[in-house]
2 protein chains.
Amino acid sequence: MSESVYKTSKHRTALLEILRTTKTHPTAAWLYERLKERFPDLSQGTVYRNLSILAELGLVRVLRSGKTFDRFDADVTPHDHMVCERCGRVDDAGISATPAGEQEAARATGYLVTSRRLDYYGICPDCQRSGDR
Amino acid sequence: MSESVYKTSKHRTALLEILRTTKTHPTAAWLYERLKERFPDLSQGTVYRNLSILAELGLVRVLRSGKTFDRFDADVTPHDHMVCERCGRVDDAGISATPAGEQEAARATGYLVTSRRLDYYGICPDCQRSGDR
DNA sequence: TTAATTGCAAACGGTTTGCCACGTT
DNA sequence: AACGTGGCAAACCGTTTGCAATTAA
């Protein structure tokens, strides 16, 4: 996990491919199921290992969401997220709004700010429709 | 955990008190240690149970941070956070910046936005000082 | 050949939960 | 008496890791 020179691997390549053609910010479990279709004797460890390598390479973003499990995003350009508090779904919120307060916050706290994450929480259209509760 | 009418409890009261007089956004483990000083035969379950009750009552905010464990905040007014990527420390970022993009994002995605969380990531002053790596 | 990759299964670690005794109302 | 609360320990569950076999370079 230190100075490795990563070799290419079918699994990792396929994993990234799936991630890039998926807009739903999948969980590791979902990716595992999806990838297992192509590699029947795939193990969870492989998925987790490769996700962390992809994240290390900056090819994937880890969204540690409000729920207990992580979600992953192959779109590493800065953008915000909408998190549904009912069903846990995560959508893109479009272009990231004002980094306005960033400099101010950095100055006030003395932090060296390298990135930021903005998540909106609410109810997704589907859950609004299927009303109740 | 549904329609309970909570009774007062020394443990819960003390927990909230500690939380309110602490600016460091403690972890459950830290709170457990702290509270154990006052209640020597305290168990972890009690801390977790009470934290979740306090959260349910809106008296505490759960900051599911970039790290693997949660942090808790008794300041439930809207404000953002600075997360140190080196040591995991979490500070307040001061007054929350304008929710400028919020309406736009809500309109674009169809979400009913109820709240948002803005976290800045970077290096805290201490870690900047103790340089290296 | 050499080091990265994988499957497997056990381990990890923070959090949750079932059980029963105790405390509050 | 009725029911929330707490201690204890086991269970949970997403994730990590050690190991031996496999595979890419």
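Throughout, protein chains are lettered first and strands after them, A, B, ... in sequence-line order, and every chain is numbered starting at 1. A quick note: this is a predicted structure, and the numbers were derived from the prediction, not measured.
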Using whole Å, what does the distance between atom P of nucleotide C:dG13 and atom OH of B:Y32 come to? 17 Å
Hits for side chain to side chain donor-acceptor pair (under 3.5 Å) against B:T114, two or more places apart or cross-chain, chain-then-number order -> A:E85
If you look at every heavy atom in B:V47 and B:A28, which pair is closest and at what distance? CG1-O, 4.0 Å
When every non-hydrogen atom of A:Y32 is compared with those of A:Q44, the smallest separation belongs to CE1-N, 3.6 Å
Contacting residues from residues 33-42 of chain A, given that a heavy atom lies under 4.0 angstrom of DNA chain C: A:D41, A:L42
For D:dG4 and B:Y6 - does any side-chain N or O of the residue sit under 4.0 Å from the phosphate oxygens OP1/OP2? no
Just the rounded figure in Å: distance from C1' of C:dT5 to CG of A:L57. 14 Å
Of the nucleotides D:dT15, D:dC8, D:dA24, which one has an atom closest to the side chain of B:S43? D:dC8
Are a donor atom and an acceptor atom from the side chains of A:Y111 and A:E102 found within less than 3.5 Å of each other? no
For A:I53 and D:dT15, what is the distance between atoms CD1 and C1' respectively, to the nearest whole Å? 15 Å
Residue-phosphate contact under 4.0 Å: A:S52 side-chain N/O, D:dT16 OP1/OP2: no
Quick one: list whatever passes side chain to side chain contact (heavy atoms under 4.5 Å, CB included) with A:T13, sequence neighbours left out. none
Grab the CH2-P distance between B:W30 and C:dT15 for me, whole Å please. 15 Å
Sequence-distant partners of A:R34, salt bridge (Lys or Arg N to Asp or Glu O under 4.0 Å), two or more places apart: A:E37
Any side-chain N or O of A:S9 less than 4.0 Å from the OP1 or OP2 oxygen of C:dA4? no
Using the test side chain to side chain donor-acceptor pair (under 3.5 Å), find all partners of B:N50 that sit at least two apart in sequence or belong to another chain. B:R12
Among the nucleotides C:dG14, D:dT15, D:dG6, whichever has the atom closest to the side chain of A:Q44 is D:dT15
Counting only side-chain N and O atoms of B:H11, is one of them less than 4.0 Å from OP1 or OP2 of D:dG7? yes
Check side chain to side chain donor-acceptor pair (under 3.5 Å) between B:T109 and all other residues, then give those that pass, not counting sequence neighbours. none
Less than 4.0 angstrom between a side-chain N/O of A:Y48 and OP1 or OP2 of D:dT16, yes or no? no
Calculate the interatomic distance between B:R12 atom CZ and D:dG6 atom P; express it in whole Å. 6 Å
Residue list, side chain to side chain donor-acceptor pair (under 3.5 Å) with A:S43, at least two apart or on another chain: A:T46
Contact list for residues 38-52 of chain A, test salt bridge (charged side-chain N to carboxylate O under 4.0 Å, His left out), sequence neighbours left out: A:E17-A:R38
Let me test you: for the helix from C:dT1-D:dA25 to C:dT25-D:dA1, what is the angle between the axes at its two ends (five pairs each), rounded to 10 degrees? 30°
List for me each residue that meets side chain to side chain contact (heavy atoms under 4.5 Å, CB included) alongside B:L112, sequence neighbours excluded, and say none if there are none. A:I123, A:Q128
Can you tell which of D:dA24, D:dC19, D:dC8 lies closest to the side chain of B:R49? D:dC8
Whole angstroms only, please: what is the CG-C1' distance between A:N50 and C:dT6? 9 Å
Would you please name every residue forming a side chain to side chain contact (heavy atoms under 4.5 Å, CB included) with B:R107, sequence neighbours left out? B:E104
Residue met sooner reading DNA chain C from 5', once B:A29 and B:K10 are mapped to nucleotides: B:A29
Can you tell me if B:T46 touches the phosphate of D:dC8, counting only side-chain N or O atoms and a distance under 4.0 Å to OP1 or OP2? no
Grab the N/O contacts between the protein and nucleotides 1-3 of chain D below 3.5 Å, and write none if there aren't any.
unit_1, atom_1, unit_2, atom_2, d
D:dC3, O2, B:K7, NZ, 2.7

